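Heads up: the structure comes next, in structure tokens.
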Amino acid sequence: MRRRSLESNHHEEMEKATGKPPRSRLCFLATLSAMFWIMIFYFHFTVLSSNPVGKPEQPVPFSVSAQSQRISEAYEAFELPKTKAPGRSKPSDTRQAPEAFPFTRALRTIENKSDPCGGRYIYVHDLPSRFNADMLRDCKKLSLWTNMCKFTSNAGLGPPLENAEGVFSITGWYATNQFAVDVIFNNRMKQYECLTKDSSIAAAIFVPFYAGFDIARYLWGYNTSVRDAASLDLVDWLMKRPEWSVMGGRDHFLVAGRITWDFRRLTDSETDWGNKLLFLPAARNMSMLVVEASPWNANDFGVPYPTYFHPAKDADVFLWQDRMRKLERKYLFSFAGAPRSDNPISIRGQIIDQCKRSKICKLLECDFGESKCHSPSSIMQMFQSSLFCLQPQGDSYTRRSAFDSMLAGCIPVFFHPGSAYIQYTWHLPRNYSTYSLFIPEDDIRKQNVSIEERLKQIPPDVVEIMRERVISLIPKLVYADPRSKLETLKDAFDVAVEAVIDRVTKLRRDMIEGREDKDFIEENSWKYALLEDGQRTVGPHEWDPFFSKPKDGDGESGTISAEAAKKSWKNEQRSQG
């Protein structure tokens with residue numbers, strides 16, 4: 001040790017003698033290390049990065065996002081689970097996702113902010129003509145009592161209405177049948193701006209089956225086999241399609257312009273009503289849009305009945321709204337309808353009596369034979385002259401009249417939550433008090449309430465606010481002319497399609513993240529429809545008494561729902577008398 005120290009001192013003394021500073025071994029090692037890492041980085045970014053495997057040669061500037069993108073692609077190449085893959089997928093990536101979810105490509109279109117249709121594409125099945133067009137060609141057989149041929153004209157809007165009394169605006173008014181949504185919706189879909197022939201990017205898949213027209217042909221005088229034939233044929237056709245296997249039909253939807261009870265026959269008894277489309281196992285996965293949905297089932301959703309107004313452009317709507325704001329309304333309330341003497345629990349008789357006794361109520365009595373109730377001009381004129389329009393249950397929960405009255409800027413008065421509040425949650429505000437008044441049926445049945453006095457208690461400024469809210473809802477409650485397109489406004493079709501897409505997108509994300517609501521109770525479906533965003537559980541509700549299902553041993557079959565459907569058809573016959 002002492003010897004090495006002497007040698008070291010000797011060298012240092014010699015370096016001092018020649019004028020050179022002493023060398024640092026640390027500096028030398030640091031220099032070598034720096035040169036080594038410079039060569040590594042040069043090799044990585046110059047050689048490897050400029051020519052990745054499987055891609056043509058092109059300059060790739062180094063950036064954090066580019067590096068993250070390559071890492072993400074590398075993980076996909078090794079088919080690692082999505083939960084372990086860092087970074088985000090490119091929206092333009094058209095390869096099969098590694099997560100084994102075949103709809104991942106459709107979800108990725110949402111991320112492509114440069115694509116106005118990202119996350120909004122609709123794929124439409126090219127069904128055999130027996131499911132739609134053939135029915136229209138044989139339109140005389142679509143109803144026993146109504147010549148539906150004239151109502152399927154003009155893309156489903158029916159013949160134009162005359163405006164001799166000046167009740168309507170100049171254009172956009174048609175004698176539209178209340179059950180014509182099948183063909184109106186299908187023709188509106190043909191104008192949808194985000195149609196695609198590539199089902200792998202579709203946010204939802206539309207099935208253009210005229211389910212309402214189909215069952216309308218066979219409800220009276222046909223056995224269950226005939227009534228079910230087209231529905232069974234449709235399901236068989238769909239299940240053979242590759243699009244069906246993606247989600248087992250849960251991304252499919254169809255539209256029927258009739259009430260849900262026409263499609264909910266529980267048994268194969270010939271005396272039972274309707275067909276069993278909505279009870280078929282495969283069809284239970286699909287979403288069906290109907291003008292009245294079931295409170296107790298999760299595979300159907302309410303959309304508005306069609307009104308007489310079908311605007312072709314935004315200006316048509318704005319002009320109509322302004323006109324409804326300026327009207328002088330001389331009646332406090334009004335009612336158009338007939339009593340239901342064969343229904344002991346109906347409150348229509350009491351409503352008619354109260355209206356007759358009031359000097360500020362307008363009444364249109366509807367019954368067999370000629371009636372102004374079947375004149376669109378008379379109905380709309382009455383609604384336009386009224387502040388409030390009474391909307392009790394029809395033969396079933398809902399009525400077309402509710403939408404006609406709101407189109408006229410008349411504040412609806414409902415007596416059962418099933419008439420609107422749990423039905424049209426896509427199109428009407430959940431806070432029903434902002435646009436309507438609710439008076440429980442029992443209050444009328446037990447004569448606890450004077451409708452006139454109840455309405456008089458509402459301050460004029462509140463009435464004004466409520467009416468303005470109703471008028472503001474008009475665009476979302478009408479179906480635009482299928483032969484044209486609104487520019488900035490969303491109509492009933494747009495709202496429904498957007499809601500279906502949101503529902504399918506949420507379902508897909510839940511599947512990817514492994515979320516499953518094991519506590520879901522289908523019988524409480526109406527409660528789930530009322531939940532706010534983020535809520536997932538339901539509990540007791542003030543409307544529970546309105547939706548207590550009868551426990552008669554066979555569910556809904558043969559109970560109020562089926563009877564309501566039959567009476568609805570009898571009312572249709574009455575209207576043609």
Side-chain angles (χ1 to χ4, degrees), residues 94-110 117 119-135 182 185-186 189-190 192 194-215 228-256 260 263-264 275-290 293 297-301 496-516 520 522:
T94 59
R95 295 172 299 167
Q96 176 68 36
E99 305 87 348
F101 291 108
F103 49 75
T104 304
R105 187 179 174 216
L107 285 178
R108 283 178 177 166
T109 67
I110 301 174
C117 288
R120 300 174 55 228
Y121 287 106
I122 297 289
Y123 177 87
V124 180
H125 274 300
D126 185 15
L127 295 180
S129 60
R130 65 182 180 274
F131 293 117
N132 40 51
D134 289 353
M135 298 185 202
D182 301 58
F185 204 98
N186 190 29
M189 184 62 77
K190 293 175 182 177
Y192 183 65
C194 294
L195 294 178
T196 179
K197 294 186 179 298
D198 182 358
S199 63
S200 71
I201 65 171
I205 296 178
F206 180 57
V207 182
F209 172 48
Y210 292 158
F213 287 166
D214 168 53
I215 191 58
D228 293 339
S231 297
L232 293 169
D233 191 12
L234 173 75
V235 167
D236 181 66
W237 187 92
L238 289 173
M239 293 179 69
K240 293 177 181 177
R241 298 289 302 175
E243 295 83 9
W244 183 269
S245 62
V246 172
M247 294 182 69
R250 283 177 287 180
D251 52 357
H252 286 49
F253 72 106
L254 66 157
V255 178
T260 189
F263 311 99
R264 291 192 175 280
N275 68 22
K276 58 183 180 181
L277 171 60
L278 283 174
F279 281 131
L280 296 176
R284 290 177 71 92
N285 283 348
M286 293 190 285
S287 298
M288 185 156 165
L289 279 52
V290 288
N297 298 96
N299 59 332
D300 58 353
F301 303 87
V497 169
E498 187 176 287
V500 168
I501 289 174
D502 288 346
R503 183 172 185 270
V504 174
T505 301
K506 181 181 181 301
L507 178 60
R508 287 171 169 175
R509 286 172 171 163
D510 285 349
M511 292 173 65
I512 289 176
E513 296 172 15
R515 286 198 301 261
E516 181 182 359
F520 178 79
E522 188 172 22

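Since this is a predicted model, take the numbers as computed values, not measurements.
- Annotation: side chain to side chain contact (heavy atoms under 4.5 Å, CB included) contacts of A203 (sequence neighbours excluded): I501.
- With a 6.0 Å radius and a threshold of 12 heavy atoms from other residues, nucleotides or ligands, M239 has its CE atom at or below the threshold.
- The structure places CG of D510 at 9.5 Å from CD1 of I512, a figure rounded to the nearest 0.5 Å.
- Residues F279 and N297 share a closest heavy-atom pair of CE2-ND2, 4.2 Å.
- Taking Y123 as the reference, H125 meet the ring-ring contact (aromatic ring centres under 6.0 Å, His included) condition, with sequence neighbours excluded.
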message: One pair to check against side-chain contact (heavy atoms from CB on, under 4.5 Å): L127 and V207. What are the steps and the verdict?
response: CA-CA 8 Å; L127 295 180; V207 182; 3.9 Å; yes

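- For F253, the ring-ring contact (aromatic ring centres under 6.0 Å, His included) test picks out F206, with sequence neighbours left out.
- Heavy atoms from other residues, nucleotides or ligands lying under 6.0 Å from CG of D236 number more than 12.
- Residues F185 and L289 have side chains in contact (heavy-atom distance under 4.5 Å, counting atoms from C-beta outward).
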field: Chi angles and distances behind the side-chain contact (heavy atoms from CB on, under 4.5 Å) call for R503, L507
entry: CA-CA 6 Å; R503 183 172 185 270; L507 178 60; 5.7 Å; no

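- Taking each heavy atom of D182 and A211 in turn, the nearest pair found is OD2-N, 3.3 Å.
- Side-chain contact between D251 and E243 is absent, with no heavy atoms from C-beta onward closer than 4.5 Å.
- Checked for salt-bridge contact, K506 and D502 miss the test: no charged N lies under 4.0 Å from a carboxylate O.
- Test I205, L238, D300 against M286 for side-chain contact (heavy atoms from CB on, under 4.5 Å) and you get one pass: L238.
- The structure places CZ of R284 at 4.5 Å from CD of E522, a figure rounded to the nearest 0.5 Å.
- Considering every non-hydrogen atom in both R130 and M135, the closest pair reads O-CE, 3.8 Å.
- Taking CG from L278 and CE from M288, the interatomic distance works out to 4.5 Å, rounded to the nearest 0.5 Å.
- For D228 (side chain) and K276 (main-chain N/O), a donor-acceptor pair under 3.5 Å exists by modelled atom type.
- In this structure, R241 and H252 have side chains that are not in contact, with every pair of non-hydrogen atoms separated by 4.5 Å or more.
- Between Y121 and L195, the shortest heavy-atom distance links the atoms CD2-O, 4.3 Å.
- When every heavy atom of Y210 is checked against every heavy atom of A133, the shortest pair comes out as CE1-N, 4.4 Å.
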task: Apply side-chain contact (heavy atoms from CB on, under 4.5 Å) to the pair N285 and M247, showing each step before the final yes or no.
output: CA-CA 9 Å; N285 283 348; M247 294 182 69; over 6 Å; no

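- T196 OG1 to I201 CD1: the interatomic distance, rounded to the nearest 0.5 Å, is 3.5 Å.
- Distance check: S199 OG to W244 CH2 gives 14.0 Å after rounding to the nearest 0.5 Å.
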message: For a side-chain contact (heavy atoms from CB on, under 4.5 Å) check, start with the C-alpha distance between D214 and L277, then their side-chain angles and the critical distance, and finish with the verdict.
response: CA-CA 11 Å; D214 168 53; L277 171 60; over 6 Å; no

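- We find the OG1-CZ distance between T260 and F301 to be 11.0 Å, quoted to the nearest 0.5 Å.
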